[in-house]
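The figures here come from the full heavy-atom set of this structure, side chains too, leaving out hydrogens, waters and symmetry mates. As the structure lists them, so they are numbered: ligands from 1, and atoms in each ligand from 1.
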Amino acid sequence: MNLIQMKTPLVEMDGDEMTRILWQWIKDILITPYVDLKTEYYDLGLRHREETKDQVTFDSAEATKKYGVAVKCATITPNASRMTEYNLTEMWKSPNGTIRAILDGTVFRTPILVKGVTPYIPTWTKPITIARHAYGDIYKNTEMKVQSGCKAELVVTDKDGNETRQLIHDFKDDGIIQGVHNRDNSIAGFARSCFNYALDMKQDLWFAAKDTISKQYDHRFKDIFAEIFEAEYKEKFEAAGISFFYTLIDDAVARVIRSNGGYIWACKNYDGDVMSDMVSTAYGSLAMMTSVLVSPSGVYEYEAAHGTVQRHYYKHLQGEETSTNSVATIFAWSGALRKRGELDGTPELMAFADKLEKATIQTIEEGVMTGDLYALSSLENKQKVSSKAFLEAINTRLAALL
Ligand code: NAP
Ligand code: MG
């Protein structure tokens, strides 16, 4: 069989632990037998981030800007216990946070629905896409512990050196403070990505924040969305028969629970982090969620929404068989290959991506699945298989489709 050709390389960002194992198996079993895979490889595994003092993360983000499409494996965000486990010289920042800060933009996360797995909210018959602003707020924070007797202030110095000060708190006991920011341009990019994605998907767009409490910060988000919608998108939305509305985050949560799905829910950075885990868990499994970062300049980074599945990795290291779900990582690859095909005008590559996804869903709907789905599936003929056997079962179907 002739291998499917690629014109431009994907930026490949390797990662950590169990997902790093799956990464290699996905390439070996499902991709390289069919595609003449071209990638520019960046090892974002924690050891290599330590060796390069995290330079590799920055380089991979710059490469993504250059080539336009990246695919990323889950990576460890170091905490205190990782410092000793990996002998780190510094508690390196979250690679996702670094990459998002460089690329800017919005992360869209959509659950992958399969027959036999009913969401915990049974009325959610259609997917809910979470659009997460990928810049700023607490992911770019400055924080400090403050001792009793200290006065904390916000100080802004303008270009002529004039200071504006506002009291944060006069500390009578020990405490903590945090400074966060966002930029009008980034918020506007977020808004436009969401409006464009809603038009692409022909789905309603919801945006929620907490402007009643955060009268300057969250209110700015609300205003920018409203201004851009009125000026650039209102008529397009009307023509497409879709709507946009803003509501408070707590009201949005209540409405989401009562809804049937089938819309895009735009969230600020932290809300999007939390809500996408809630939504993906409610649809079944964290491993059944696609995730793509779309920058305002049209750069795409595909990844899985879950972490490195540490507990499974330790079992794997002890020689035990794991049953780790690789669907989200497979869909990161298929999403990136399809986008690459779209940008390069290589329909064969796009068709391959479609078939890879089809074979994956077909495998689960025919009853072959990993432990997380086995626990949820209502199929009668279901069968729990190992991480590798699952990929091989997909490959059998993929080969038939090709
Ligand atoms: P996690 O890796 O997502 O795993 C949490 C639990 O969810 C697992 O223990 C497992 O449950 C279940 N799970 C997640 N993905 C699964 C899959 N593909 N198949 C089957 N079960 C799955 O989150 P974590 O344990 O909180 O974090 C581990 C590491 O990942 C941390 O170092 C964190 O920094 C990193 N992380 C990275 C990213 C990213 O790069 N995008 C995102 C989140 C976290 P059971 O153990 O019960 O089977
Ligand atoms: Mg998260």
What class does the angle between the rings of F237 and F244 fall in, given that below 30° is parallel, 30 to 60° is tilted and above 60° is perpendicular? perpendicular
Does the separation of the ring centres of F195 and F229 fall below 6.0 angstrom? yes
I'd like to know whether the aromatic ring centres of Y135 and H181 sit less than 6.0 Å apart in this structure. yes
Atom NZ of residue position K234 - does it have more than 12 heavy atoms of other residues, nucleotides or ligands inside 6.0 Å? no
Check: V309 N/O within less than 3.5 Å of ligand 1 N/O: yes
Is the closest heavy-atom distance from K72 to ligand 1 below 4.0 Å? yes
Report, in ascending order of atom number, the atoms of ligand 1 lying under 4.0 Å from any heavy atom of T77. 32 (O), 34 (O)
Minimum non-hydrogen distance to atom 7 (O) of ligand 1, winning option of T75, T308, L286: L286
Could you list which atoms of ligand 1 come closer than 4.0 Å to a heavy atom of T324? 17 (C), 18 (N), 19 (N)
Heavy-atom nearest neighbour of atom 31 (C) of ligand 1 within options Q310, R82, E303: R82
Parallel, tilted or perpendicular: ring planes of H169 versus F171, cut at 30 and 60 degrees: perpendicular
Does a donor on one side chain sit under 3.5 Å from an acceptor on the other, for D372 and T370? yes
Please classify the T329 to ligand 1 contact at 4.0 Å (heavy-atom distances, strictly less than): side chain, backbone, both or neither. neither
Has ligand 1 got any nitrogen or oxygen that is less than 3.5 angstrom from a nitrogen or oxygen of S323? no
S186 and H133 side chains, donor-acceptor separation under 3.5 Å: yes
Pick from M288, H312, H306: the one approaching atom 39 (C) of ligand 1 most closely through a non-hydrogen atom: H306
Step through the shown structure and confirm whether more than 12 heavy atoms of other residues, nucleotides or ligands are within 6.0 Å of CD on Q216. no
Ligand 1 atoms in contact with A74 (distance to a heavy atom under 4.0 Å): 40 (O)
Heavy atoms only: which of A304, A287, S94, G307 lies closest to atom 38 (C) of ligand 1? G307
